[in-house]
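Remember, it's a predicted structure, so these values are computed and weren't measured experimentally. Scope of the values below: all heavy atoms of this structure, side chains included, with no hydrogens, waters or symmetry mates. Atoms within each ligand, like the ligands themselves, are counted from 1 in listed order.
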Amino acid sequence: MARIVMKFGGTSVADLNRIHNVARHVKREVDAGHEVAVVVSAMSGKTNELVGWVENMPKVAGSNAPFYDAREYDAVVASGEQVTSGLLAIALQSMGINARSWQGWQLPIKTDNAHGAARILDIEGADIIRRMGEGQVAVVAGFQGLGPDNRLATLGRGGSDTSAVAIAAAVKADRCDIYTDVDGVYTTDPRIEPKARRLKKIAFEEMLEMASLGAKVLQVRSVELAMVHKVRTFVRSSFEDPDAPGMGDLLNPPGTLICDEDEIVEQEVVTGIAYAKDEAQISLRRLADRPGVSAAIFGPLAEAHINVDMIVQNISEDGSKTDMTFTVPSGDVNKALKVLSDNKEKIGYDVVQSEAGLVKVSVIGIGMRSHAGVAASAFRALADKGINIKAITTSEIKISILIDGPYAELAVRTLHSAYGLDKS
Ligand code: ASP
Ligand code: MG
């Protein structure tokens with residue numbers, strides 16, 4: 001017998017038939033004798049609709065700023081999950097399963113005060129642990145909690161993944177199963193490379209890189225939380241027949257296990273290739289090479305909430321002038337250029353150059369830590385295809401390469417095969 005947290009995303013609960021199907025997945029685990037807590041998202045599209053209502057409230061004459069109180073935003077958008085938690089509890093009860101819904105404030109799931117993007121601080125798990133022991137399934141509304149101001153708070157878009165992992169940590173679950181519309185995490189995007197393979201296991205650190213680089217399977221924060229609390233997390237599909245062979249396998253259910261690297265015995269050097277489209281490059285030429293220059297550039301950009309990614313600074317030839325290149329999302333490039341020109345005096349550069357529509361392709365693998373020559377193979381493979389590299393950054397477990405947008409797919413496929421990822 002195990003204790004399992006099962007999370008179902010928006011597409012998995014998109015209509016009543018799918019909610020019924022989700023209930024069958026839950027029933028399978030209950031029938032096998034496991035203690036089960038379920039976390040649900042809103043029906044797909046619902047949260048967007050709710051956010052739209054808040055944002056499109058007609059404006060008062062004379063004002064053009066959209067007005068809303070973040071606490072009321074939370075009161076509105078948290079309602080999507082309330083609906084699905086109740087509907088799933090009803091579906092389970094109709095199958096003869098003892099189940100009840102829980103809203104974030106009822107456990108409670110305590111958060112901080114950052115309405116709209118709150119962080120979970122603490123979860124009171126004792127009550128549901130006791131009831132799970134008595135055979136009751138807890139159906140918890142994801143994405144929401146209770147702030148210190150005693151008001152509903154939501155966790156930011158995609159936040160029900162984080163709810164699920166946090167609840168799994170709080171109830172000391174053996175496993176957290178994230179059911180979604182894909183059947184696992186792949187070596188790269190299968191829409192670009194049909195030979196992409198589903199990974200059996202991926203380490204937390206690798207998944208963090210994959211998630212933040214565009215493999216949008218899980219909210220990044222949920223992976224961080226899973227890593228900190230060592231929550232073994234499975235990504236699996238809710239669209240498979242709940243009673244197909246192997247679906248209830250306790251140790252090896254179909255899907256991808258995100259786990260501690262110690263659990264991955266045969267670590268490949270490279271685990272996956274991720275990419276992020278719509279990057280823009282900004283270069284400042286002939287910057288003064290003195291203390292405080294980087295702070296003068298990136299401080300104002302951070303204040304303007306511009307997310308800077310790759311940063312490359314050259315060592316100057318004579319200790320007086322240097323060049324600095326960094327990337328931002330293409331959509332932010334004009335805003336960034338404005339910030340730089342507003343601060344031109346303080347920063348002290350000669351010219352600024354920029355280019356949008358670039359792509360960052362990343363090679364990810366924990367095995368890189370202990371292998372030489374991993375980067376060299378990427379550069380060779382890209383050179384053989386005539387792909388020009390604009391900038392390179394590396395970390396212990398990742399090599400990121402900035403290239404022209406039209407080469408994105410070719411680069412992904414080239415690197416995928418260069419590291420043998422298409423061969424199982
Ligand atoms: N329903 C929320 C959203 O769409 C939370 C979630 O689905 O994870 O962002
Ligand atoms: Mg999601």
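- Annotation: D161 places no N or O atom under 3.5 Å from an N or O atom of ligand 1; distance criterion only.
- With a 4.0 Å cut-off on non-hydrogen atoms, Q219 does not touch ligand 1 at all.
- Note: F326 and F298 meet the aromatic proximity criterion, with ring centroids under 6.0 Å apart.
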Donor-acceptor pairs under 3.5 angstrom involving side-chain atoms of residues 75-85: please list them, not counting sequence neighbours.
| from | atom 1 | to | atom 2 | distance (Å) |
| --- | --- | --- | --- | --- |
| S79 | OG | V76 | O | 2.7 |
| E81 | OE2 | A42 | N | 2.9 |
| T84 | OG1 | S41 | O | 2.7 |
| T84 | OG1 | G80 | O | 3.4 |
| T84 | OG1 | E81 | O | 3.2 |
| S85 | OG | E81 | O | 3.3 |
| S85 | OG | Q82 | O | 2.8 |
| S85 | OG | Q103 | NE2 | 3.1 |

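- When only interatomic distances are considered, the shortest N/O to N/O separation between K7 and ligand 1 does not fall below 3.5 Å.
- Between Y73 and H115, the distance from one ring center to the other does not fall under 6.0 angstrom.
- Proximity to R157 (heavy-atom distance under 4.0 Å) selects the following atoms of ligand 1: 3 (C), 4 (O), 9 (O).
- Less than 4.0 angstrom separates some heavy atom of S41 from each of these atoms of ligand 1: 6 (C), 7 (O), 8 (O).
- For M210 against G272, the heavy-atom pair with the smallest separation is CE-CA, 4.1 Å.
- Taking only non-hydrogen atoms, the option from M43, K46, E81 nearest to atom 2 (C) of ligand 1 is E81.
- Within the structure, ligand 1 has G158 among the residues with a heavy atom less than 4.0 angstrom away.
- No heavy atom of G80 sits closer than 4.0 Å to any atom of ligand 1.
- Under a 3.5 Å cut-off, the side chain of D249 and the backbone N or O of N252 do form a donor-acceptor pair.
- Within 6.0 Å of the CD atom in Q313, the count of heavy atoms belonging to other residues, nucleotides or ligands exceeds 12.
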